[in-house]
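In what follows, a single structure is set out as structure tokens and then discussed.
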Amino acid sequence: MIKKFIEALKGRRMSPPPWWLMRQAGRYLPEYRELRARAKGFLDFCYRPEMAVEATLQPLRRFGMDAAILFSDILVVPDALGQKLEFREGEGPVLEPLVSSRDIARLEPENLDRHLAPVYAAVRRIADELPAEVALIGFAGAPWTVAVYMVEGRGGGERTKIRDWFRARPADGETLLELLADATVAHLSRQIESGAEAVQLFDSWAGGLDDEEFRRFVIAPTKVIVAKLKAHHPGVPIIGFPREAASRYPEYARATGVDAIGLDGAVVPAWAVREIAGGCALQGNLDNRVLVAGGARLADEARRILDGFRDRPHVFNLGHGVLPETPPAHVAELAQIIRAWKD
Ligand code: CP3
């Protein structure tokens, strides 16, 4: 059975292209909110295979995407390493920040496999239950983005704590990024061995770095992860998503060896098609606010993206995750627009 999504990642152009949406499971779906209300907390939800399986399958039943993404979170890795983590209602994730090399030394990579066993159990069950033409995506946060949460204690912001720390004591930065690269390889390998057919690395906080930082913190660890995964699992495509990398997408694609690159909503398709080397498939990049808006604007923007990437292997997606206020009917409209498109 041909899986359109895997074919596109391997370099085949298709009309219409395969599609899925980042954060396609989540609070915009009433059936997700109902399931979520039955869990003790968000982490409990992630570690209960029957719940993770159900949340993964919910969007597919409604919209029939070409790929499912495991329902989990990038922060299960710091949790497995023993860092204190809480998901607060309305506030998002909060971690007890790492402040010194001693905190790095206290992390417990040897616990990863045991702690994340329920995640791999969920992957196995999803792989069993998916329709034959639908591919299963595993994922992890890239080392830099996970390190941002571990050092800042939360996402976003100016990332001054981590940039100051890594500038003042670069050896600590290297140690943490190397530890996270190894943990990421282990986590993604176990997902692949459990049934994931492609993997995506989310580098959500890759923006706002200078050139040297981008090379050391984003490109270098990603390159190590890609090389190690390719050595063990050569046929499994890897998608890199360095959000807000702006003019650096071409260098990232060239230097890391990813099979495909996820483009955020700011990237102009014609520019990406021209500047990003031909061997790399392109994924993206509808603005998630346009999906909230719906209507003629959604139809126009979706077609502009479909037209813009027509000459390349393309996977239709958003430029960032589905927002909780997105009307599910707009996702159904988008599915129709994609399926009706012809180049
Ligand atoms: O459908 C899917 O895409 C699969 C599941 C998935 C989740 N998080 C579930 C989730 C994926 C792929 C992620 C990745 C993730 N998690 C990223 C990278 C992508 C991005 O958005 O930049 C990041 C940075 C995180 C960390 C994280 N997890 C944040 C910042 C938050 C709070 C913000 C929010 O949307 O609530 C979470 C919680 C989270 N992860 C939820 C879901 C469905 C909502 C939790 C809830 O239901 O209460």
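Just so you know, ligand 1 is whichever comes first in the structure, and atom 1 is the first atom listed for that ligand.
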Before you tell me yes or no, could you show the steps for Arg106 and Asp103 under salt bridge (charged side-chain N to carboxylate O under 4.0 Å, His left out), namely the whole-Å CA-CA distance, both residues' side-chain angles and the distance that decides it to 0.1 Å?
CA-CA 5 Å; Arg106 266 200 287 266; Asp103 296 328; 2.8 Å; yes

Start with the C-alpha distance between His187 and Tyr120, add both sets of side-chain angles, then the distance that settles side-chain hydrogen bond (donor to acceptor under 3.5 Å, both in side chains), and finish with yes or no.
CA-CA 9 Å; His187 186 40; Tyr120 310 130; 2.8 Å; yes

Please lay out, stage by stage, how Lys3 and Glu197 fare under the test salt bridge (charged side-chain N to carboxylate O under 4.0 Å, His left out).
CA-CA 10 Å; Lys3 303 201 181 195; Glu197 299 163 283; 2.8 Å; yes

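For the pair Asp182 and Lys228, the salt-bridge criterion is met [side-chain N within less than 4.0 Å of a carboxylate O]. The residues Arg48 and Asp44 are annotated as salt-bridged, a charged nitrogen and a carboxylate oxygen being separated by less than 4.0 angstrom. Ion pairing between a basic and an acidic side chain is recognised when a charged N comes within 4.0 Å of a carboxylate O; Arg159 and Glu152 show no such pairing. Taking 4.0 Å as the cut-off between side-chain N and carboxylate O, Glu301 and Arg304 count as a salt-bridged pair.
A side-chain contact (heavy atoms from CB on, under 4.5 Å) with Asp343 holds for exactly one of Pro16, Pro17, Ser15; it is Ser15.
Every atom of ligand 1 is numbered from 1 in the order shown, and the set under 4.0 Å from a heavy atom of Phe87 is 28 (N), 37 (C), 38 (C). Listed by number with element, the atoms of ligand 1 under 4.0 Å from a non-hydrogen atom of Gly92 are 32 (C). Those atoms of ligand 1 that come under 4.0 Å of a heavy atom in Leu70, given as number and element, are 4 (C), 5 (C).
Nearest non-hydrogen protein atom to atom 43 (C) of ligand 1 is Tyr32 OH, 3.4 Å. Distance from atom 21 (O) of ligand 1 to its nearest protein heavy atom, with residue and atom name: His320 NE2, 3.1 Å. Scanning the protein for heavy atoms near atom 22 (O) of ligand 1, the closest one is Ser204 OG, 2.5 Å. In this structure, atom 24 (C) of ligand 1 lies nearest to the protein heavy atom Tyr149 OH, 3.1 Å. Looking only at heavy atoms of the protein, atom 1 (O) of ligand 1 is closest to Ala25 N, 3.0 Å. The single protein non-hydrogen atom nearest to atom 31 (C) of ligand 1 is Pro93 CD, 3.6 Å, given as residue, atom name and distance. Looking at atom 5 (C) of ligand 1, its nearest protein heavy atom turns out to be Ser72 O, 3.5 Å. The protein heavy-atom contact nearest to atom 23 (C) of ligand 1 is Ile74 CD1, 3.5 Å.
Among the atoms of Glu89, none of the N or O lies under 3.5 angstrom from an N or O of ligand 1. The shortest N or O to N or O distance between Asp73 and ligand 1 is below 3.5 Å. For ligand 1, the polar-atom distance check finds an N/O of Arg36 within less than 3.5 Å of one of the ligand's N/O atoms.
Nearest-residue assignment for atom 11 (C) of ligand 1 (options Phe202, Phe241, Trp205, Phe139; heavy-atom criterion): Phe139.
Side chain to side chain, Asp172 and Trp165 meet the donor-acceptor criterion of an N or O pair below 3.5 Å. For the 3.5 Å distance criterion, the side chains of Gln24 and Gln58 fail to qualify, holding no donor opposite an acceptor.
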